[in-house]
Each structure stands twice: as C-alpha cells, then as structure tokens.
Amino acid sequence: MQMSAISHKGRQGALGVIVTLLLLAVPAPYRALSALGAPESAAAEASIRIGMSGNPDTLDPHRTSGTLTFFSIRGFYDTLIEPGEEGEYRPALAERWEVSDDGLIWTFELRERVRFHHGRILQAADVVATFERILDDTIASPHARELRRLKRVEALNERTVRFVLSEPYTPLLATLASGWGAILPADLVESGHRFSVEPVGTGAYVFVHWQEDSHIRMRRNPEYWRGNEVGAPEEIALRIITETTVQEQALIAGQLDIIDMVSEAMLDTLEQRSDTMVDRTLSSLVMVLAMNNHHELLQDLRVRQAIAHAVNKQQVLDVAYNGGRPVSTFLDYGDPFYADVEDPYPYDPDRARELLDESDYAGETLRMSVPQNYEPHVRAAEIYTEMLGRVGLNVELRLIEWSSWLSDVYQNSDFDLTVIGHTGKLDPDGRFAGYDTGDNYVNWHHPKAEELLEAARTEAELERRYELYAELQRIMAEEVPMVFVGTSYRHMGLRASIREFHMDPKLDTIDFYRLRKD
Amino acid sequence: MTPFVSVEGLSKTYTARSLLRRSRAATHAVRDVSFAIARNTIMGLAGESGSGKSTLARALVHLDPPSSGEVRVAGIPLARLGRRGLRKARRRMQIVFQDPHGALNPRLRIKYSLGEALANAGVPRRERRARAVELLRLVGLGPEHLDRYPRAFSGGQKQRIVIARALAGKPEFLILDEPVSSLDVSIQAQIINLLMDLKQRFGLTYLFISHDLSLVSYVSDSIGILQDGRLVEYGPAEQVLKQPRSEYTRALFDASPAMHRER
Amino acid sequence: MVEDWTRQQILTAIGTTLTALAVTVLVVVVVFAVYAPLLVAHAPTAQNLDARFQPPGTEGHLLGTDELGRDVLSRIVYGSRASLGVGGIAVLLSSSVGMALGLVAALAGGVVEDTITILADAVLSFPTILLAIAVVSVLQYGMLQVGAAIGVVFMPVFARLVRAETKAVREEGYFRSSRALGSSLLRTVALHVLPNVLPRVVVQATITFALAIVIESSLAYLGLGTQPPNPSWGLMLRDARNALFHAPWLSVFPGLVLALTIFSLNFLGDRLAEHLGR
Ligand SMILES: Nc1ncnc2c1ncn2[C@@H]1O[C@H](COP(=O)(O)OP(=O)(O)O)[C@@H](O)[C@H]1O
Ligand SMILES: [Mg+2]
C-alpha cells in the first residue's frame, strides 16, 4: 500500500542519513586507508607523499589568490627574486638588479642557461610575456592591481629586462617574489596553453598529473638550473585529503610523509612517536577580533579598549588556534617589519568592566558574524563570546557562509564584530591596503595613516621603511580598530625520515627543491 | 394531480479526465430519461447490471450533477437550489444504497452514525439519543444496539439501521437502490415488508431500484425499465407487465426466476 | 506446535520489552528537554578553559568535558531541546499543512488535485537533505527556521499519504451515504475521513520526527543548524570529530543518545503501524 511504501522509503532515508553521519564521525581514517591504497609503494623510497587539505582551484598562478594553488605549484615555477629573512630579496631567475635614482626604472639581469620544462631557454621575452599576461584583462588576474603603477615591461636584450613605473613603488619587488610572479614561457603564453591544468615552468619539479579530489604528481627536473644535488626524491605526490583525522592516521600508518593539517589533539601523539614529528612554524596570519568602527557603540574608543582588555589572547591562541604568539598590531609576529609594540590593552577584565561602565554601553547585544567553514574561527568566536560576556558585554554568535562573509562583512561592512585571520603579504604595503583611505572593512580611518603609507611605498631604503611602518603600527595598536590577537603556528606533520623541511610562511609553501627523505 | 417527483430529459455522461491529454472516451450512463412519480406511490426501476440505475439515482438527487435535464421535487427544480439549498433538500429525499455493509462506517458506533443524520436534521445534541432510539424502534431494533459497532450486526440488521438513518430527517422521498439484493431471500421479505409499512405510516414516496423485475413488479405502482441508460419501458405496473413494449422487457421477465415461480 | 507457541511468546515478550524501552528513551529525552535547567549542574555554554578534555567520571563532570571545558552531560541534556524543538516544529508543520493539502487534493479533484500532486512529486524527487539545506539557506539559521525547512521538505509525504487515504475513503459506501444524508463537507470529513487518516498520519509523524532529528543533526554537523555556542547533538558530533581518538567520549555520548532516540521513534512507529493494521 501507499502507506507502507512511504514509511519504508522514510526509514531507509533515516538510516541513510545516520550512516552518513556515522561515516563522517567515526570510521573516516579507515576510508582513507583504503582510498590511499598502495599503488606507488614500490617507488615509495624514491618519492615523497604529501597530504594536502583540498583541491587547488586552478594551477594557473596568475588567475587566483588561493593558497592551495601556490602550495601546489611551488615546485614547477621560479620567480625573478625570492624573499629573504629580513624583508630583503635574494636573486633567483634574476642574478642582479638595480633601480634608477628616481625609483622609476628597475632593471633585471637574467641567469644564463635556465631551461623551461618543455626545453626552451629562458629569455627576457618570457618575463615580458609573463607580466603582460598578468595585466591582460582576459586573464582577469586578482594580482593585476599590484602592477597598476607599472607603465611597461621591456626586453633590452635576451637577458636584460626593464620595469618602468609611473611613480616610485618599492612593493613591486614583493609582487615579483610572490607565487604569482611565476615566470611562464612566452611561446606557450602566446599559444594560449592551459596553465590552469598543466603547469610548465623552470622549477625543480616537472608537472605529471592532476586528478581532482585525488592527487597532483610531479617528477624531479634533471636539468634544474640550481643543480641536482644527490638525494632528491624522484617524485613528489600531493594527496588531496580534506579530513584532518584521515591525514593524521595516514601519516601514522606511513602512507603519507608530510601532512598539512594536524589537530590539537594529535600534536602530542605525533611528537612522541618515534616515527613521526611535528614541524611548527609561525604562520604569516594575524588573527583578529574585528570591530565595525562605524557602529554607534564601537566607534567609542573606550568600548574597543574594553573589548581588547577582555580578551586573553594567549588563551584564545592556545585553545582555538593550536598555540601562537600574541601581537598587538596588524603585522604578523614573524614579519620583518613587525614592530614589537607593547600591548597598550593587556588582558584585564576589571579594567574592561570599568571602561564599559564609563561608556554609553547599556546592555545592547552585539552580533558576532563568523565564517562557518573555518572551525578555528568558530571556536575562537565561542571563546570571545564567553570572555566578553564575563565583562558584561552581550554577544550573539552568527555563523554565516564564506561567500556571505565576503560580501556582507568584508565588502559591505555589514557587521558588528567578526573573527578572521589576515594572511601575510610579502610587503607590508599589501597588508595595509585600504587602511590609508578608510576604505577597509572595519571602517577605520586615521589622518596619519595615509601619509605614512605613502612615504613607505615610495621609500626604497629598508631601514627607513622599518621606521615608517613601526610608526603606523603604534598608532593602530593605540586605536584598536580590531583586537589584534596573535599569529598562529602552522603545524605540519612529518615522518621522521623527512629531512630539509622548510616552510616559507610568507609564501605558505614548502621549499620543494630542498626537500629530502632518508 | 401534479407529480411529486418529475424527471425531464435526464442524461449523465462520464468522461475520463486527464490533465495532460484530453481524452474523448465517454460513457453515456443515462440518456434522456423522463418520468414522474406521484406522491405516496412506488415507482420501480429495473434493468440489468450496468444499465445505469445507480447513476440515475445519484443524478436524480444531484449527488453527481446531471449532464443535462431537469429534476423537480415537490415542484422545485433542484438545479436552482445551489449547494447549501441542495444539501437541505437532500434531507427530504434520501438514498438507501445497495450494500448495507459499506454504508455504515465501521469505526463509528451506531449512535454516531444515526447522530450524523440527526445532526443534519437539526436535532439538538441533547435530544439525539432519544430520537435515535425512536428511529431504531421504527425498524424493529432497540436502545441496546446504540453503542455497538456495525460489525456486531447481520446484513439485515444493518439494512434496518441504514433505513432508520434515512428516516432521521423525516424525508418524503426515498430512493432505494437495490435495498435487498445483498441479503438472504428469507430476510429480503422482512425488509420489503418493513419498507411497505413505513411507506404507509409516513406517506412516503419511493423510487425502488432492482435488477430483479419480479421484485419490482411485486412492489411497484409504476415501472420503468432501463437498457443502456435509456428508459425503454415506462408506464403503470399492470400495463408494463401485461403488454411489454420491448423485447428487452420480455427477456428480463424470462430471466427472472421469481416470475417463473409465480406462474 | 508447543515449540511454536513458546517461540511466539518469546517474540511477543521481546516486542513488549523493546516497546517499553523505546517509550522510556523518549520519555527521558522529553524530560531532558523540558526540565533541562533542573537536571544539570552546569550551564551548557559555560566554559572552563582550564579543564578541557576531562574524561568521563571526572569530579562534577559525569560524561567529561569538551574542547572548551564545557560539561558534556549538560550539553547533551540541553541538546535535546534542539532535536525535539526542530522535530516538533517540523512534524507539526508538515503534518498539518500536508494533511490539509492532501484533503483538498482528494476532495477537490481536477486541476487542484493534479497541481498539488505534481508539486508534491517535484518536492519529493529532491534528496531530502539537499532540499533542507537549500531551504535553510534561504530562511537563515535558527531552530524555528530549521524546523520550518524540514517541515516544508516533508509536507508532500503527508499530502500524498492523506490524499491516497482520502481517495480510498471517498469510494467507501459510508462516505457516499454521508454525502447523500446531506452532511456538510466538514462533518463528513470529521466523521469519516479523519478517523481513517489520522492513525496513518500519526505513524508517519513518528517516522518524520525521527528523520527531522537526523536532519537537524546533519545540518548542525554541516554548520547550518543550531548556532554555537548553543548545543545540539549534531553540533556536538561535529565539534568532536577532530578529537575522535584523543577524546572519544565527545563523539560517543551524543552519538549514542541520537541513535537511541532515532531507533526508539522508528521502532514505535513500526509498532503503531502494526497495531493499526495493514
Ligand atoms: N463514476 C463513474 N465514472 C465512469 N463511469 C461510470 C461511473 N459510474 C458508473 N459508470 C458507468 O455507467 C454505467 C452505468 O453504471 P451504474 O449506474 O452503476 O449501473 P447499474 O446501477 O445499473 O448497475 C456503467 O457502464 C458504469 O461503468
Ligand atoms: Mg447499481
């Protein structure tokens, strides 16, 4: 009968959903083990297998700002220059460079005998084609903006290339050293090659295959210009595994050599085991509790100070973000330009309550909008809610989708409070973009900011730039447009056999070239 | 004398309906039927199974609206009454359906089945029990039956209850659609006698429907014979019985076992 | 023969015991939801960052604490509110509107019936959980909204069920008799249709209730249901998934309560269906 058909269907539905729930909740690692299989176990010694938390949206360096893309393509490409430890830059494809006295012309001398994976020798024309491609409207590169002061790129001869600017702009070097400064071969750019699925560069590894939701494979480039020192793995495979637990179990089982996610719960285990270890590098993130400075309550400095005083930064970092270094300003702790300003509003709930009492706050509920898919931020938001509640500030949590967060919070500033992490930029100018004019999501504006940022942008001398950015950071620390909470650690799980593991926090990738396995 | 019930050119056509394809397959269940019934008389309606008797009965009281034609009861054309008026009018003309087993809701105690009809007749809640007992007495049952479910009764008893229920609104006109066909022969006579009694007592008018022409001829003042929805024979009982106009009627006589018995 | 008898008796005894257990589980869950504040020593959102991941049996925390040092027992007890609230709203909405639609379809017939049937089939052809996600995304999150979303998803099930039952009743002699007696449609429906339809609806309601709880949990698991820091069983499972090996009690207890509730509801639904025949 009709009835039994329906109830039957209904019951199966219920069971199906329960099973799905259980699958999600319980036996995830076992699914992973079978999914990983053993196809390349024979070649395991010669290859390194890395667990990656998701698919890159594309492999084209010019068409995205997705961090997974730059993680994936690091081995395929080189840039003209590379970032150093102190905010300076080191030669890469460019051996030498110089800037004219007026700061408008940058000239780069290319390295000799660098070969692309498809066999051609690197020439100045490749550099020109690369940057013209970034500026090409049909490519719609999110990074084209960074090159808006670039008048033209020109090849002076086969090995010399010149960048002509409309005004002095030191952060240009950061763009050249970033993942999206990857140099592509001119002939393939010309022919419309689909770099999004098949990267071709000059890097230490040659692209082999990308299977969505499964893996990206690459093999050693025997003709790499830096030379091929002994011991480099023949192959590197990036395994796409979205569940933390699955990655962890696969690492323990020896099916992965490196994993890019480690949960708080597993840190100890991985450290204590003799066959695994944890790499802890300071990330380039600044975690913030951001406030809408146009909100009628939050525009009152006392309320913002109260909120800052209410937050125990170290505790938030430890519980929500797996540890980290507290900061009191807008640059991440590891940034060469980070000014170690003493926190003007340290954790002090009593002071927070006093400040709230002095202010006009009368029990209104502030809404904290949090992107629902970033679990650490949700966790942090829960903690903030409790901490603010303890000093008498009512907060209501509201989880929203990432896309809504981008449009409502980030674009339209339609929020009271929010929790987010700001990613690192090679040049501080990138981080402060919009904070000179007031065109930023927290609606913060300060007359001094514009002046300082303009000066730093045109200043070529490193020491002077340190000072300018330090001054700005002091102002922001005092003004607390957001509570700058701290820089989290990036934890990667490694097999004990992994050697020469170097994380570059600013580029958020591994240095594949140096990576070794015993 | 104007007839109590008059039927003029009544037709009923069923068309299979579908949203997606308009089907033209139509069943002409009743075709252009006209007759009249005088007050306190019985008109018998006979015909083979599927000849359209039940359809005619339903169309007559507008339970299914007729495709065309007019029905007047006590001079009032039913088509003019509108939904609410029709519902009221229906209480004065009741149908007793063939199958007494299906006619009573098995989930309801008898008092509620009777209560429904009494409520329709506007009897206040307080008086319904007493009236229900009265109705049961009319058909030879008693108050002890009020609280039982239909399954506790035999077919004949159920039919009595159905008749009692039909009487709740003090109707003047009853359509009896095969009232005894599903009952044992021994019980058939009891029910027929009961119906005759009630007719005398309340001055009722009947349309008595049966596929059994002998039964019809036994009770009726006038007789109509339906064949394929057409009234092929219609007139006073004697006339129809003695001088049937159509072959069909003669065939029906021959097919009727009781008729042979009578001869 | 004798053996058959005892086997039959044993089966009956087991059935009765299970029914009693199922009823007990549901009563306990309802008591959780209604008397939550009286039952637990801790607020479900009260954090203690110095006492995180305490195992079950820890002084004052019978079922341990979670990653923010919140009492797991309190969260399970309070979490029943989300489940029952959403389930209740979903069932009330879907059964009442679905029943109305089913009745209208069956009684009106014609284009009305066709329209309702086509719409119901269209809705039913979507995977339930996806549809619920879609509706929730439109309505925004919150217990009322999630309940309403799930309610919308299950309306057609009731509409179809009630329509089929009603159409069957329409063909019954007593329905036709009732019309012939001159009863108003309302009276006919109340006396003859509803008593036939309601038992079916009740059985379907228990099944829907179970499904609604599962979907609420799934939505919460996906981050679309109950909003943290408020607890819901699904949300607890979600939060627990990265601590699966480290703090298994965070998954085990809410999972157990969820599973018991679902199975109890389904079991009772079955028993009820058996009891009502067919
Ligand atoms: N609701 C209906 N829809 C379509 N056809 C019908 C319907 N009711 C009756 N019919 C058809 O009308 C004809 C007459 O049926 P009916 O009036 O029940 O005959 P009787 O009562 O004389 O046995 C039959 O052919 C039957 O199939
Ligand atoms: Mg008939």
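In the text below, chain A, chain B and the rest are named by the order of the sequence lines, each starting its count at 1.
The parts of A/Glu401 that come within reach of chain C are both its backbone and its side chain, each placing non-hydrogen atoms under 4.5 angstrom from that chain. Neither the backbone nor the side chain of C/Asn230 comes within less than 4.5 Å of any heavy atom in chain A. Residue C/Phe53 touches chain A through its side chain alone, counting heavy-atom pairs closer than 4.5 Å. Using a 4.5 Å cut-off between heavy atoms, A/Val378 contacts chain C through its side chain alone, with no backbone atom that close. Residue contact with chain A, scored on non-hydrogen atoms closer than 4.5 Å, involves the backbone of C/Thr45 exclusively.
Under the 4.5 Å side-chain criterion, counting only non-hydrogen atoms from C-beta, C/Met143 is not in contact with C/Thr226. Side-chain atoms of A/Val395 and A/Tyr384, non-hydrogen and from C-beta on, never get closer than 4.5 Å to each other.
Note on A/Arg398, A/Gln315, A/Arg379, A/Glu375: by heavy-atom pairs under 4.5 Å with chain C, the leading option is A/Arg379. Heavy-atom pairs under 4.5 Å with chain C peak, among A/Ile400, A/Asp318, A/Leu397, A/Leu399, at A/Leu399.
Using a 4.0 Å cut-off between charged side-chain N and carboxylate O, C/Arg52 and C/Glu67 make no salt bridge. Taking a cutoff of 4.0 Å between a charged side-chain nitrogen and a carboxylate oxygen, C/Arg70 and A/Glu382 qualify as a salt bridge.
Under the 3.5 Å distance criterion, the side-chain polar atoms of C/Thr65 are matched with a main-chain donor or acceptor of C/Gln54.
Separation of the A/Trp405 and A/Phe415 ring centroids does not fall under the 6.0 Å cut-off.
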